[in-house]
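Here is the structure we will look at, set down as structure tokens.
Position 1 is the first residue of the sequence, and the numbers go up from there.
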Amino acid sequence: MMRVALVDDHPLILKILRQELAREFDIHIIWDTSDSSELITRINANTPDVLVLDLGFTGQGFEPVSTVKELTSRFAFMSVLILTGFDDPVWIEELLEAGAKGYVIKSDDFSLRIADGIRAVANGRTFLSASAMQGLTDSQQRRTLTARERTILRLAAEGHSNPAIAAILGVANGTVRNHISNIYSKLKVDNRDAAIRTAQNLRELPKPGATTRHELRTPLHTLLGMARLLNKKLEGENQEYVQQIIAEAERLDGLIDDLS
């Protein structure tokens, strides 16, 4: 029996995951939470074999890459499986490099893939959903900035000040300033906005609008998950209606890619 914990800031996603995984005889959900601040405390108290982790926790000061690095360092026998709406190739590569064993994009009908993903990472294998696999293939391999510099610049791109970045990462304000100075030097720029634009063009950061796309996709993926669950229980004309809803939601999900 694999012990699994779920971390997602949307309660409906947690409910969908619980319902889907309840039918798996070899998977046991030991806890779930929508509060990223209690993550370490929860794991210390009851360490899962697999942690299923979302990346978006609005207003919670959550930095995914540094968190995954800390988790995989502190809990060596726990595997991290990312389940998220963030589909930018930069995120996929960064999180796998940080120590995540799997990456599932919610638009890839996660309800059909999450159990297989859990089993794979629990057994030490890497697991990628179809879009994540394609994203990793398309990702930029050569980098100018270090992992910590990319993390700081990502937080800056989200609008965080230097003191806020220092608080999120648990480092001194002067350390952040030094990293920012090094970033300017490496990218040959002299201000924050130029550094962000240059890093995005070089694919060192996710493309513009990544957070907005995620915010739009999260409720859409929740509805998709619910519709797909319902579709399994219906027959005939009612099932056709739900299938039409799913098709329209998938079409909208594709249109979100065009947002800049």
What heavy-atom pair brings [X] and [Y] nearest, and what distance separates the two atoms?
X: Ala195; Y: Ile183; answer: CB-CG2, 4.2 Å
X: Val4; Y: Leu6; answer: CG1-CD2, 4.0 Å
X: Leu145; Y: Arg150; answer: O-NH1, 2.6 Å
X: Ile105; Y: Ser131; answer: CD1-CB, 3.6 Å
X: Leu39; Y: Leu53; answer: CD2-CD1, 4.3 Å
X: Leu81; Y: Gly117; answer: CD2-C, 3.9 Å

[X] side chain vs [Y] backbone, donor-acceptor pair below 3.5 Å:
X: Thr198; Y: Ala194; result: yes
X: Thr72; Y: Gly99; result: no
X: Arg154; Y: Leu205; result: no
X: Glu63; Y: Leu169; result: no

Would you say [X] and [Y] make side-chain contact, with heavy atoms under 4.5 Å?
X: Ile92; Y: Phe86; answer: no
X: Leu55; Y: Leu95; answer: yes
X: Ile43; Y: Pro48; answer: yes
X: Asn44; Y: Arg74; answer: yes
X: Val189; Y: Asn191; answer: no
X: Leu83; Y: Leu17; answer: yes

Is there a side-chain contact (heavy atoms from CB on, under 4.5 Å) between Val80 and Tyr103? Walk through the geometry before answering. CA-CA 9 Å; Val80 177; Tyr103 200 108; over 6 Å; no
Under the side-chain contact (heavy atoms from CB on, under 4.5 Å) rule, what do Asn162 and Arg192 come out as? Steps first, then yes or no, please. CA-CA 11 Å; Asn162 284 2; Arg192 185 170 298 211; 2.4 Å; yes
I need the [X] [atom1] to [Y] [atom2] distance, nearest 0.5 Å.
X: Leu21; Y: Asp26; atom1: CG; atom2: CG; value: 10.0 Å
X: Lys69; Y: Glu97; atom1: NZ; atom2: CD; value: 8.0 Å
X: Lys106; Y: Ile82; atom1: NZ; atom2: CD1; value: 11.0 Å
X: Lys15; Y: Asp8; atom1: NZ; atom2: CG; value: 15.0 Å
X: Lys186; Y: Glu204; atom1: NZ; atom2: CD; value: 9.0 Å
X: Arg177; Y: Asn182; atom1: CZ; atom2: CG; value: 13.0 Å

Between [Y] and [X], do the side chains contain a donor N or O and an acceptor N or O under 3.5 Å apart?
X: Ser37; Y: Asp35; answer: yes
X: Asp54; Y: Thr84; answer: yes
X: Arg148; Y: Thr151; answer: no

I would like to know whether Arg3 and Asn46 meet side-chain contact (heavy atoms from CB on, under 4.5 Å); could you show each step before the answer? CA-CA 10 Å; Arg3 293 159 43 82; Asn46 197 359; 2.4 Å; yes
Test side-chain contact (heavy atoms from CB on, under 4.5 Å) applied to Leu153 and Leu187, step by step: CA-CA 12 Å; Leu153 199 54; Leu187 298 181; 4.3 Å; yes
By the definition side chain to side chain contact (heavy atoms under 4.5 Å, CB included), identify the one residue from Met2, Arg119, Met1 that meets it with Glu24.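 Single side chain to side chain contact (heavy atoms under 4.5 Å, CB included) partner of Glu24 among Met2, Arg119, Met1: Arg119.
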